[in-house]
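Here the structure is a predicted model, which means the values were calculated and not measured. Counting starts at 1 for both ligands and their atoms, in listed order.
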Amino acid sequence: MKVLVALILLVQLPIHKAVPAAPPGPLGCDDPESEAAAEFAVNYINNYSHHGYKFALNRIENVRVLPQGLNNEILFLELDLLETECHILNPTPLENCTVRSFTEHAVEGDCDVKLQNLDGKLSVLASKCHSHADSNEDIVRVCPDCPLLVNLNNTQVLTAVTAALNYHNSKTADAYLKLLEIGRARIQYEPVHLVFVEFAVAATNCSAEEAKDNVDACQLLPDSQSNFGFCTATMAIRPLQDLQVDCKLYGHQPGVIYQPGQDTSAGLLPSVVQGFTNHNLRLSHNNPVASESSSSEFPTSAVAAKSVVKRTVGEVAQHDKVARPVGFVPPPPPCPGRIHHFKI
Ligand SMILES: *[C@@H]1O[C@H](CO)[C@@H](O)[C@H](O)[C@H]1NC(C)=O
Ligand SMILES: *[C@@H]1O[C@H](CO)[C@@H](O)[C@H](O)[C@H]1NC(C)=O
Ligand SMILES: *[C@@H]1O[C@H](CO)[C@@H](O)[C@H](O)[C@H]1NC(C)=O
Ligand SMILES: *[C@@H]1O[C@H](CO)[C@@H](O)[C@H](O)[C@H]1NC(C)=O
């Protein structure tokens, strides 16, 4: 009898295994194919982003597939992203970049991406993104004293960045650094008054010592030798004044260039004149080939949502027809997908 049971199990095993291997019906947001396409899209978006920070996937909001023929399909993805702590010039791979916590005042990105999957090879045909900081109210509710994002051209921020860079340059025996852009800035007023700044820098052709004689002659290194870096600094204003600065250079990265912002007149300090709290992905991320496409490239959310609802209803109806074993757990709705980090 035992042998018989074992035999039956053996025979049944392949049948059970075969079920997930051939998933019927629509593509769900958490399906491996959706995840793979989203990962590709996020790398693409970071690849063509020139300001601010790298973004990581938080959730696949929606996915839609348009079959084009044999081994050829178009995918429309709606993605929720979150800002990481890696500046766009930081060579750390995205997988190793920490997503900024909610209380650090999270910044969310929304992207519509149109991809082609041809013979298993993905390419991005169009992408459209924007990003925005979470509201002050959301942060204060959870953390009443937490520092909040402020505009990058805030005078306290500019004072802190200038003081921090001067301090670093006065202490280092290394290259004299110049400011490329302010990445983010937060101010806390109670119980102590603190200004937190983060900014991208680049090495010049002067040592800090040489810069003392004639700072105007110090030029950013040419692209073939460029050396970018990043500084974080905290300036305490009250009750005691203090300044802590930490700068590090990434070393030369072949092929990586920094594109100054469009509205920079001096060729430097692009973000200093700008009144925003975060670099918007809409402006930071662009690629001459496939970006900032007109909205007509993308199905409207309403259409996409409708098709998902229809599919879900269809699935439920199908399941209802078959006799359900006791304890049957209905499948999770195909979209939106799971939250990778936290919900805003
Ligand atoms: C990233 O950018 C480089 C240079 O522009 C390009 O060759 C590469 O294909 C891009 N990768 C992705 C995933 O878009
Ligand atoms: C990224 O993280 C992995 C696993 O933690 C580690 O093995 C690898 O060295 C890290 N790479 C970088 C560039 O930090
Ligand atoms: C840096 O480059 C500028 C312009 O090429 C040049 O005039 C200056 O002498 C260089 N400074 C040093 C220390 O090499
Ligand atoms: C910051 O920039 C905005 C416009 O970009 C401007 O309206 C505002 O006055 C500026 N703030 C400061 C403190 O310079």
Side-chain angles (χ1 to χ4, degrees), residues 32 35-59 79 81-102 104 106-107 109 122 162 165-181 183-184 198-232 246-261 264-270 272 284-285 338-342:
E35 293 268 356
E39 188 186 327
F40 184 87
V42 171
N43 281 329
Y44 173 92
I45 288 159
N46 286 322
N47 201 0
Y48 289 105
S49 189
H50 302 296
H51 301 281
Y53 299 85
K54 296 185 190 185
F55 279 79
L57 180 66
N58 193 32
R59 170 144 91 164
L79 305 176
L81 313 181
L82 283 173
E83 187 186 88
T84 70
E85 293 176 6
C86 291
H87 189 267
I88 210 76
L89 294 169
N90 185 335
T92 305
L94 181 64
E95 310 84 80
N96 293 41
C97 292
T98 308
V99 165
R100 242 176 244 285
S101 68
F102 179 85
E104 274 181 294
V107 173
L122 291 164
T162 307
L165 196 52
N166 285 344
Y167 182 81
H168 173 87
N169 279 330
S170 74
K171 294 287 174 200
T172 186
D174 255 343
Y176 180 82
L177 303 183
K178 280 194 176 176
L179 177 66
L180 291 180
E181 69 178 30
R184 55 161 37 218
E198 298 183 5
F199 50 98
V201 293
T204 63
N205 66 342
C206 295
S207 68
E209 192 58 37
E210 286 165 333
K212 281 183 191 150
D213 299 332
N214 185 6
V215 68
D216 292 333
C218 301
Q219 304 286 321
L220 291 185
L221 294 170
D223 288 347
S224 61
Q225 299 165 28
S226 63
N227 190 359
F228 302 120
F230 192 70
C231 302
T232 56
D246 180 31
C247 291
K248 94 172 216 268
L249 285 169
Y250 299 130
H252 179 63
Q253 306 171 63
V256 176
I257 54 165
Y258 177 73
Q259 302 192 342
T264 160
S265 43
L268 272 180
L269 315 190
V272 164
S284 306
H285 142 257
R338 72 190 168 92
I339 292 169
H340 291 233
H341 300 283
F342 52 82

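Taking the centre of each ring, Tyr48 and Tyr44 come in below the 6.0 Å mark. The six-membered or imidazole ring of Tyr258 lies near that of His51, with a centre-to-centre distance under 6.0 Å.
With Leu89 as the partner, the side-chain contact (heavy atoms from CB on, under 4.5 Å) test is satisfied by one option alone out of Tyr53, Phe230, Phe228: Phe228.
In terms of N/O distances under 3.5 Å, ligand 2 is approached by Asn96.
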Next item on the list: Let me see the working for Val215 and Thr204 under side-chain contact (heavy atoms from CB on, under 4.5 Å), right down to the final yes or no.
Entry: CA-CA 10 Å; Val215 68; Thr204 63; over 6 Å; no
Tabulated below should be the N or O atoms of ligand 3 paired with protein N or O atoms at under 3.5 Å; can you produce that?
residue, atom, partner, partner atom, Å
ligand 3, 2 (O), Asn205, ND2, 2.2
ligand 3, 11 (N), Asn205, ND2, 3.1

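Under the 3.5 Å distance criterion, the side-chain polar atoms of Asn46 are left unmatched by any main-chain donor or acceptor of Ile88.
Close approach of ligand 2 to Pro93 is summarised as follows: ligand atoms under 4.0 Å from at least one heavy atom of the residue are 13 (C).
In the model, Glu181 has a side-chain atom that pairs as donor or acceptor with a side-chain atom of His87 under 3.5 Å. Between the side chains of Asn90 and Thr92, at least one donor N or O sits under 3.5 Å from an acceptor N or O.
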